[in-house]
Amino acid sequence: MRAQPQASHFIAAGYEEDTAGAVIEDIYPATGETIARVHSATPEIIEKAVAAARKGQAKWAAMPAVERGRCLRKAADIVRSRNRELSELETLDTGKALQETLVADPESGAQALEYFGSVIAAHNGEAIDLGGDFAYTRREPLGICAGIGAWNYPIQIACWKAAPALACGNALIFKPSELTPLSALKLAEIFIEAGVPAGVFQVVQGYGDVGAALTRHEAIAKVSLTGSVPTGRKIMEGASSHLAQVTLELGGKSPLIVFEDADIEDAIGGAMLGNFYSTGQICTNGTRVFVQRNVKDRFLDRLVERTVKIRLGDPMNEETHLGPIVSAAQRQKVVDYIESGKADGAQLLTGGGIPKMQGLDDGFWIEPTIFADVTDGMTIAREEIFGPVMSVLDFDDEDEVVARANDTQFGLAAGLFTKDITRAHRVIARLDAGTCWINTYNLTPIEMPFGGVKQSGIGRENSRAALEHYSRIKSVYVASGPVDSPY
Ligand SMILES: NC(=O)c1ccc[n+]([C@@H]2O[C@H](COP(=O)([O-])OP(=O)(O)OC[C@H]3O[C@@H](n4cnc5c(N)ncnc54)[C@H](O)[C@@H]3O)[C@@H](O)[C@H]2O)c1
């Protein structure tokens, strides 16, 4: 299987190559085959991208917002019309089941383009009456922004950053994860087709050093990262060299709380969705499932019954539920966490191994895994695993579970299941998390702000909140009479 792009980077309005850059092997996680080879951006490529962004951004920012919005909505239509092609590419790059990518990946990107393409014309400054004199504010773009992506939702991440950035009149230089370089290039082609000027959305490939070079570049006004907490720290440090703004969407170890009065089948559905979808490679996953003690046995019995029915297999087969993990290194990390869970005395209820996959044995497979009797101090309850490993913990009462849920450096997401709606709101208000769900899990509609607190991040993506992070306010005082000067 080959998915070789025309060239590694997308600069100005077309593909560009510089073979002096380090080679990036793009591997199909289901088979271990190399599907493409691209080169990491050299300093010359980065400078070309910055120069083209300067030109393109000036033109783009001068267009009325309603026209920029029209281009973004056209891009949304093109993404939708190529959904299958883009989904297949995303499946090749990530290994995620086509059953998922067909409904979730390009489509959520299209929703971002459509949403920001629609709301931007109404995103204006304000007029402030000062009693005769007045002031007004302008919402202006920041200039050139850099987007740096993780590998779990490549085209969605590119769109979640590009849509609000471009809507506000910025240019975006996007660096995909080195593990998933392909779909952002297709998005760049689509923007050009939709009428977005050259240089406004560009793609440079690279490892962390390219992300670091972009972050430290003085022309970059803002860096938006989706990635891990350690990378977030480095980006904040790099951006501080010239006080660039940051949006950081980082990792998590989110609590999902099941109270005794919950609809148990729903709660199990939420816990499975929030631990196994995308083979567990979702930042908001509710990987600490707290179940109230008197419903624990019922919960676990049905959870295992339902989990063993999950179908692993060829990701391109639309009947397949779960594909492999993205890379051999990430799979090894997951295996190590499973071993640590066993060594710490958690009870392995199902999974925990590398399955036999006929014809796909060189892929990076792992079974959906459930541990019960997990306690707060165990490594599997404290660290982000980023694989299909669910930890189930018991609790007795509300105060206790809130304190334990909050006892973590992370604060990305949280969820709870209960029929007592008063309790639902009371507990949600007490949880340290940026994105929460009541009686469901992991739904992230574009209209809802998305992001974390504590070490899970800074800033918000999606919703009108994202527009605040990609524009700056200019205040203008307007006098209506002579200057009242004592001199
Ligand atoms: N909050 C969210 O929205 C969200 C969504 C998806 C994934 N994530 C998180 O992402 C992580 C998994 O993704 P990952 O392994 O690709 O993360 P990562 O931090 O290793 O890499 C993310 C990106 O940062 C780049 N990078 C690495 N070092 C850099 C540096 N010094 N300067 C600039 N860029 C650098 C990488 O090349 C990659 O493109 C998990 O922690 C997960 O929770 C968060």
Side-chain angles (χ1 to χ4, degrees), residues 22 24 26 38 40-41 46 93-94 96 104-105 108 112 146-161 173-181 184 203-217 220 223-241 244 246-254 274 277-287 325-327 329-334 337 383-387 408-413 433-435 442 444 446 448-462 466:
I24 298 172
D26 188 17
V38 296
S40 186
I46 293 177
D93 234 359
T94 60
K96 295 195 299 178
D105 293 63
S108 66
I148 300 176
W151 38 259
N152 59 339
Y153 278 84
I155 197 166
Q156 180 196 79
I157 290 171
C159 289
W160 280 17
K161 298 190 188 312
I173 301 175
F174 186 73
K175 189 201 86 64
S177 164
E178 55 272 35
L179 294 173
T180 52
V203 178
V204 299
Q205 307 291 352
Y207 296 99
D209 60 329
V210 172
L214 282 171
T215 302
R216 290 186 173 275
H217 200 297
I220 300 295
V223 186
S224 175
L225 166 77
T226 298
S228 61
V229 173
T231 303
R233 284 201 195 95
K234 287 182 200 158
I235 285 194
M236 238 181 137
E237 198 189 327
S240 74
S241 70
V246 294
T247 290
L248 302 174
E249 293 291 354
L250 309 177
K253 190 76 200 173
S254 301
Y277 200 72
S278 293
T279 319
Q281 303 161 108
I282 297 186
C283 50
T284 44
N285 273 355
T287 48
I325 293 283
V326 76
S327 68
Q330 182 62 22
R331 199 259 307 262
Q332 188 55 48
K333 236 177 98 178
V334 177
Y337 276 117
E383 297 182 12
E384 185 183 46
I385 299 174
F386 228 60
T408 165
Q409 58 165 331
F410 299 110
L412 185 54
T435 308
N442 259 355
T444 53
I446 193 70
M448 182 169 114
F450 177 80
V453 299
K454 289 158 74 176
Q455 292 190 33
S456 289
I458 294 177
R460 289 292 176 269
E461 294 198 305
N462 301 348

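First listed ligand is number 1; within each ligand, the first listed atom is number 1.
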Checklist entry - Applying a heavy-atom distance cut-off of 4.0 Å, which protein residues contact ligand 1? => result Ile148, Gly149, Ala150, Trp151, Asn152, Lys175, Pro176, Ser177, Glu178, Tyr207, Gly208, Gly211, Ala212, Leu225, Thr226, Gly227, Ser228, Thr231, Lys234, Ile235, Glu249, Leu250, Gly251, Cys283, Glu384, Phe386, Leu412, Phe450

Checklist entry - Would you say the side-chain atoms of Asn462 pair up with the backbone N or O of Phe450, donor to acceptor, closer than 3.5 Å? => result no

Item to check | Gln332, CD: over 12 other non-hydrogen atoms inside 6.0 angstrom | outcome: yes

Next on the checklist: In this structure, is the centre-to-centre distance between the rings of Trp160 and Tyr153 below 6.0 Å?
Outcome noted: no

Checklist entry - Of all residues at least two apart in sequence or in a different chain, which pass the side-chain contact (heavy atoms from CB on, under 4.5 Å) check with Leu250? => result Leu225, Val229, Leu248

Item to check | Pairs involving residues 147-161, ordered by first then second residue, that meet salt bridge (charged side-chain N to carboxylate O under 4.0 Å, His left out) (sequence neighbours left out) | outcome: Lys161-Glu461

Checklist outcome for this item: For Glu383, the salt bridge (Lys or Arg N to Asp or Glu O under 4.0 Å) test, sequence neighbours excluded, returns none

